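We count ligands from 1, going down the list as the structure has it; atoms in each ligand are counted the same way. Computed from heavy atoms alone, side chains included, the values below leave out hydrogens, waters and symmetry copies. What you see is a predicted model; the values in this text were computed from it and never measured.
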Amino acid sequence: MYSLRRVMVSNAKAASNLYHALEAILVFLNPVWKFVGLERIDKAFSFIERNIKGLLFDCQMCGYCVLDKTGMSCPMNCPKQIRNGPCGGVRDDGNCEVKPEMRCVWLEAWRGAKKLDPNTTVVPDLEILSPVDQLRKGHSSWLIKVQEIQSSKVSVSHD
Ligand code: SF4
């Protein structure tokens, strides 16, 4: 929902804290997810993610969430689906070239990033974001994060 999406950016710090707390809980419960089976969990996670993040962030279920790198503004709401900053068509009023009634998601990302860190000078967060993996679309990005964090813990413990 557009208005809620903007509220989330206005409160990016609280939204980010909530997001990371949820992520920490999901990682903590990883043994449960493994036991139940990743395929079944993906369906359940996707259902919850689609509804909660769809409501709060207009999540488009890209399969790899970058909200925490883009000031809690989902770049997939850009009609051009640009993942690394605005195109050259932002209107003078800061709205989108393709959807004039919508604020550019990258101006929103900048607004949210400043709320997260007033000293920031770049969005996304000093990192080039990879393009969307079309095979991941519609799947849970939470599940990927859980697996990534878990595997990085395993590799650290093996080093
Ligand atoms: S970046 Fe992807 S997973 Fe995250 S809110 Fe946007 S569409 Fe959803």
| remark: Closest to atom 4 (Fe) of ligand 1 among protein heavy atoms sits Cys65 SG, 2.4 Å
| remark: atom 1 (S) of ligand 1: of Thr70, Val66, Val132, the nearest heavy atom sits on Val66
| Under 4.0 Å from any heavy atom of Met61, which atoms of ligand 1 are there? | 7 (S), 8 (Fe)
| task | Could you find the nearest protein heavy atom to atom 6 (Fe) of ligand 1 and give me its residue, atom name and distance? | result | Cys74 SG, 2.3 Å
| remark: In ligand 1, the atoms that come under 4.0 Å of a heavy atom of Met76 are 7 (S)
| query | Distance-only, no hydrogens or angles: does the Lys114 side chain make a donor-acceptor pair with backbone N or O of Thr120 under 3.5 Å? | reply | yes
| said: Could you tell me, atom by atom, which parts of ligand 1 come under 4.0 Å of a heavy atom of Gln60? | reply: 7 (S), 8 (Fe)
| request: Report, in ascending order of atom number, the atoms of ligand 1 lying under 4.0 Å from any heavy atom of Ser141. | output: 3 (S)
| task | For the pair Trp33 (side chain) and Asp42 (backbone), establish whether a donor and an acceptor sit closer than 3.5 Å, ignoring hydrogens and angles. | result | no
| task | Answer yes or no as to whether an N/O/S atom of Cys59 is found below 2.8 Å from atom 8 (Fe) of ligand 1. | result | yes
| task | Could you point out which residue of Arg111, Lys115, Glu108 forms a side-chain hydrogen bond (donor to acceptor under 3.5 Å, both in side chains) with Ser10? | result | Arg111
| note | A student comparing Gly63, Ser73, Cys62 should find that the heavy atom closest to atom 2 (Fe) of ligand 1 comes from Cys62
| Asn77 and Gln60: side chain donor to acceptor below 3.5 Å | yes
| Short list, please: which atoms of ligand 1 are under 4.0 Å from a heavy atom of Lys53? | 3 (S), 4 (Fe), 5 (S)
| Path from Leu56 to Leu67 over hydrophobic side-chain contacts below 4.5 Å | yes
| note | Closest non-hydrogen contact found for Tyr2 with Asp58 is N-OD2, 3.5 Å
| request: Indicate, with yes or no, if Phe45 and Phe57 share a hydrophobic cluster defined by side-chain heavy-atom contacts under 4.5 Å among Ile, Leu, Val, Met, Phe, Trp and Tyr. | output: yes
